[in-house]
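Written below as structure tokens is the structure these notes are about.
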Amino acid sequence: MPSIPTTTREYRLPKVEGFKALVLQQASVRPPKSSEVLVKVHAVSLQYRDLVIAKGEYPLGQKENPVVCSDMAGEILAVGDEVKHWKAGDRVCANFAVDHLYGDLTPENKYCGLGGPIDGVLTEYKLLPAHCLVQVPAHLSYEEASTLPCAALTAYNGLNGPVPLKGGDIVLVQGTGGVSIFGLQIAVASGATVIATSSSDEKLKIASKLGAKHLINYKKTPKWDEEVMKITHGRGVDHILEVGGPGTLTKSVAAVRYGGWIHMIGFVAASGDVSSVPVEILGKGAHLRGFIVGPVSQFENMNRLFAAHSIKPVVDKVFPFEKAVEAYEYMGSQKHVGKVVIKVSKE
């Protein structure tokens, strides 16, 4: 039985001046309350959101001086006296929004996202409500599992929303970041055909190895929407994981099929004129859907898919806990394919 710690080291953001303002400090750890668990954090993965929060630009708001990051995998050390379904030694991830258990987003669960509105997980030990936990798939390491809560679940929710993808569908993923790579893997495992875009031929080679059938370098082919229409013989794609936002949305609308789905996930591209989008969406009878990650129930469903197909997350690089700022810097460089991970525990 591991000893129960009384202190932890955690990264906080006292000033919203970018990731170099992160401070590693010591804090006390109390025993878990009746419905809580105490988790030893083994690994944390980074999101584009973490870079935005570091600059104070997260559109959903953030608390002052938060413990940063939302995605972790770890081991339960202790449980509260009313916790029935978890025990010490269980390997777990926490859901991105700790109170989003099932169904649609609500005003109440919208603002319970780790590492923004509430304290996050870049800490050695973390107290969490038992209801937010899911079991780590047995075939994954802690580093791999830490990538699931935000990027993987966002991709899964996008492709398995009101009209889930099916075998034979065509899916477009933009770039080779975490959400897009997970979308590619989930789509391939579900029998769909994937078109992947990137500015790098080297990154596209990795997408190809993961099962992408059609590759478009948008630097060489700026009118990638027209190329998509050629590939699909004028039909368009069934699902688009839209991570660019205003900078890519008009092209996504041009590339989606009549009645198809554009899943609004991010805003990593430069700004653009989207004034024509409402009329174009109307004219195609297409669906533009916004959502924020997903609930615990969907996380559990996704993990069953990952276990059934032995899907392995693509981890680009792992940094030690003491070099978290370097991990942020590497994430910001956009040199990665898949996920950037911080190894918190040395054991």
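Please read all numbers here as calculations on a predicted model, not as lab measurements.
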Lys335 meets the salt bridge (Lys or Arg N to Asp or Glu O under 4.0 Å) criterion, sequence neighbours left out, with none
Taking atom types as modelled and ignoring hydrogens, do the side chains of Gln185 and Lys312 form a donor-acceptor contact shorter than 3.5 angstrom?
-> no
Sorted by chain and residue number, the side chain to side chain donor-acceptor pair (under 3.5 Å) partners of His100 (sequence neighbours excluded) come out as none
Side-chain donor-acceptor pair under 3.5 Å between Thr106 and Asn109, yes or no?
-> yes
Kindly write out the residues that satisfy salt bridge (Lys or Arg N to Asp or Glu O under 4.0 Å) with Glu322, not counting sequence neighbours, or none if the list is empty.
-> Arg9, Lys346
Can you find a heavy atom in the side chain of Ser199 that is under 4.5 Å from one in the side chain of Lys219?
-> yes
Do Met264 and Arg289 touch side chain to side chain, with heavy atoms closer than 4.5 Å?
-> no
For Phe319, enumerate each residue passing the ring-ring contact (aromatic ring centres under 6.0 Å, His included) test, keeping only those at least two apart in sequence or located in another chain.
-> Tyr330
Got a second to check how far Leu24's CG is from Glu124's CD, nearest 0.5 Å?
-> 7.5 Å
Note: Glu202-Lys205 ion pair, threshold 4.0 Å (strictly below) = yes
Report the residues that fulfil side-chain contact (heavy atoms from CB on, under 4.5 Å) with Thr6, sequence neighbours left out, ordered by chain and then residue number.
-> none
Yes or no on salt bridge (Lys or Arg N to Asp or Glu O under 4.0 Å) for Glu10 and Arg12, after CA distance, side-chain angles and deciding distance?
-> CA-CA 6 Å; Glu10 61 189 20; Arg12 287 190 177 268; 2.8 Å; yes
Once you round to the nearest 0.5 Å, how far does CG of Leu159 lie from OG1 of Thr154?
-> 11.0 Å
Between CD1 on residue Ile4 and CZ on residue Arg30, distance to nearest 0.5 Å | 13.5 Å
Sorted by chain and residue number, the ring-ring contact (aromatic ring centres under 6.0 Å, His included) partners of Tyr11 (sequence neighbours excluded) come out as Phe321
Does any donor atom in the side chain of Asp90 or Gln135 lie under 3.5 Å from an acceptor atom in the other side chain?
-> no
What residues form a salt bridge (Lys or Arg N to Asp or Glu O under 4.0 Å) with Arg257, not counting sequence neighbours?
-> Asp238
Pairwise side-chain hydrogen bond (donor to acceptor under 3.5 Å, both in side chains) hits with a residue in residues 163-183, at least two apart | Lys166-Asp169, Gln174-Glu242, Gln174-Ser252
Reported CD-to-CG distance for the pair Gln298 and Asn157, which is rounded to 0.5 angstrom = 4.0 Å
May I ask you to test the Leu140-Thr147 pair for a side-chain heavy-atom distance under 4.5 Å?
-> no
Check whether any side-chain heavy atom of Tyr328 lies under 4.5 Å from a side-chain heavy atom of Asp50, and answer yes or no.
-> yes
Could you list all the ring pair (Phe, Tyr, Trp, His ring centres under 6.0 Å) pairs where at least one residue sits in residues 119-152, not counting sequence neighbours?
-> His42-Tyr142
Taking atom types as modelled, is there a side-chain donor on Thr7 or Ser28 under 3.5 Å from an acceptor on the other?
-> no
Pairwise side-chain contact, Ile76 with Leu133, heavy-atom cut-off 4.5 Å (strictly under) = yes
Same apolar cluster (I L V M F W Y, side chains within < 4.5 Å links), Val44/Val92 = yes
Give the cluster check for Ile342 versus Val314: same hydrophobic cluster or not, with ILVMFWY residues linked at side-chain heavy-atom distances below 4.5 Å.
-> yes
Report yes if some heavy atom in the side chain of Gln62 is under 4.5 Å from a heavy atom in the side chain of Val16; otherwise report no.
-> yes
Those residues at least two apart in sequence (or on a different chain) that pass salt bridge (Lys or Arg N to Asp or Glu O under 4.0 Å) with Lys84 are none
Counting only heavy atoms not in Lys15, do more than 12 sit closer than 6.0 Å to its NZ atom?
-> no
Does the side chain of Ser146 come within less than 4.5 Å of Asp71's, by heavy atoms?
-> no
Non-neighbouring partners of Ile206 that pass side-chain contact (heavy atoms from CB on, under 4.5 Å), sequence neighbours left out | Leu210, Val337
Just wondering, do Ile170 and Ile195 contact through their side chains at under 4.5 Å, heavy atoms?
-> yes
If you draw a 6.0 Å radius around NZ in Lys63, do more than 12 non-hydrogen atoms from other residues or ligands fall strictly inside?
-> yes
Take Val237 and Thr232 through the side-chain contact (heavy atoms from CB on, under 4.5 Å) test and state the conclusion after the steps.
-> CA-CA 7 Å; Val237 299; Thr232 60; 4.1 Å; yes
Which pairs count as ring pair (Phe, Tyr, Trp, His ring centres under 6.0 Å) when at least one residue sits in residues 273-293, sequence neighbours excluded?
-> Trp261-His287
